[in-house]
Amino acid sequence: MSDKKVPLVSVIVPTYNRSALLQETIESVLQQTYPNIELIVVDDGSTDDTPNMVKQYEGRITYIHKQNEGGTPARNTGIKAAHGDYLNFLDHDDVFLPTKIERQVEILKTQPEIGLVHCGYYRMDKDGRYIDIVNFLPEGDVRPVIVLGCFCWSGAPLIRRECIDKVGMFDEKVWSS
């Protein structure tokens, strides 16, 4: 694993035929204020210009092109390739605010009993304008709330790698985009 003073964060971006949106997603990760990020883009068999678009990031990201099987196997492929102490999943049409990772790592570093940290988020329209903010999120043991319906945006949780190692990867029989 990485140096414990500055833990490595692996951001896993599954993508399929979204090269026009993917570039902004990649940039939002590369522009994080946190200094130790590994970005893994898992291309789930895109037939658009995704392979050519990501070439501009050669040496700055890990790019994996695989046969099209869906989002869940793509996420698992990213987990297998990841070296980070913490994992974050980001969809190809979403972006991070610049301090997201830095703020979440600080919480995980100071509170080792916590397995993951989630955060509020903005919803945006197709033109990139904020529609609203979702920031009323439960704290503590959230299991009862999750049973009633998930409150998290898929890109929000920063997860300790050891938690994924303990519970296992995503069930590939369950669909995700």
Side-chain angles (χ1 to χ4, degrees), residues 1-16 22 25-44 54 57-67 69-121 137-143 145-147 150-177:
M1 289 290 164
S2 65
D3 177 356
K4 294 300 177 191
K5 292 180 183 174
V6 183
L8 178 64
V9 173
S10 297
V11 178
I12 299 165
V13 178
T15 188
Y16 178 72
L22 179 61
T25 300
I26 290 171
E27 289 294 333
S28 80
V29 176
L30 295 177
Q31 294 171 7
Q32 288 294 296
T33 57
Y34 187 74
N36 199 15
I37 296 176
E38 164 188 60
L39 175 55
I40 302 167
V41 175
V42 181
D43 183 349
D44 192 41
V54 298
Y57 298 105
E58 193 171 335
R60 296 172 63 201
I61 70 170
T62 299
Y63 175 68
I64 301 169
H65 187 274
K66 61 180 279 317
Q67 177 181 334
E69 297 176 286
T72 306
R75 283 177 180 80
N76 285 341
T77 296
I79 292 169
K80 291 173 191 170
H83 299 97
D85 303 287
Y86 306 125
L87 304 178
N88 206 134
F89 301 93
L90 182 63
D91 290 342
H92 55 204
D93 59 352
D94 291 334
V95 295
F96 286 160
L97 292 177
T99 61
K100 178 206 182 291
I101 299 289
E102 180 180 16
R103 293 171 70 191
Q104 289 179 307
V105 166
E106 191 56 38
I107 292 168
L108 289 171
K109 281 175 61 178
T110 60
Q111 299 183 51
E113 71 280 6
I114 295 175
L116 69 83
V117 176
H118 61 85
C119 61
Y121 55 94
L137 300 171
E139 295 182 17
D141 184 353
V142 297
R143 289 176 293 180
V145 180
I146 288 177
V147 169
C150 189
F151 54 84
C152 284
W153 157 56
S154 61
L158 182 64
I159 308 162
R160 287 187 194 280
R161 173 63 182 252
E162 63 195 54
C163 293
I164 298 287
D165 291 344
K166 186 175 182 178
V167 300
M169 293 191 290
F170 292 99
D171 181 347
E172 293 189 7
K173 295 179 199 138
V174 178
W175 176 87
S176 69
S177 59

Given side chains that start at C-beta, do those of [X] and [Y] come closer than 4.5 Å, heavy atoms only?
| X | Y | result |
| --- | --- | --- |
| Cys163 | Leu116 | no |
| Pro98 | Gln31 | no |
| Ile114 | Leu108 | yes |

All side-chain hydrogen bond (donor to acceptor under 3.5 Å, both in side chains) counterparts of [X], not counting sequence neighbours:
| X | answer |
| --- | --- |
| Lys80 | none |
| Gln32 | none |
| Tyr63 | Asp43 |
| Thr99 | none |

What closest approach, in Å, do [X] and [Y] show between heavy atoms, and which atom pair accounts for it?
| X | Y | value |
| --- | --- | --- |
| Val95 | Ser28 | CA-OG, 3.4 Å |
| Ser10 | His83 | OG-N, 3.5 Å |
| Ala81 | Ile64 | CB-CD1, 3.6 Å |
| Gly71 | Pro14 | O-CB, 4.5 Å |

Worksheet item: How about Gln111: does its CD atom have over 12 heavy atoms from other parts shown lying under 6.0 Å from it?
Response: yes
Which residues satisfy the side-chain contact (heavy atoms from CB on, under 4.5 Å) test with [X], sequence neighbours excluded?
| X | value |
| --- | --- |
| Ile164 | Ile79, Leu87, Ile159 |
| Gln67 | none |
| Leu30 | Ile26, Leu39, Tyr57, Arg60, Ile61 |

Item to complete: Apply the test side chain to side chain contact (heavy atoms under 4.5 Å, CB included) to residues Tyr86 and Arg160: give CA-CA distance (whole Å), side-chain angles for both, the deciding distance (0.1 Å), then the verdict.
Response: CA-CA 4 Å; Tyr86 306 125; Arg160 287 187 194 280; 3.6 Å; yes
Item to complete: Pick out which of Asn88, Val41, Ile40, Thr25 makes a side-chain contact (heavy atoms from CB on, under 4.5 Å) with Val11.
Response: Asn88
Practice prompt. With sequence neighbours left out, write down each residue that passes salt bridge (Lys or Arg N to Asp or Glu O under 4.0 Å) with Glu102, or none if nothing qualifies.
Written response: none
Worksheet item: Excluding sequence neighbours, so at least two apart, what forms salt bridge (Lys or Arg N to Asp or Glu O under 4.0 Å) with Asp44?
Response: Lys66
Discussion item. Given 3.5 Å as the limit, does a donor-acceptor pair link the side chain of Lys109 with the main chain of Val6, or not?
Written reply: no
Worksheet entry | Distance-only donor-acceptor check, side chains Glu172 and Thr72, under 3.5 Å | no
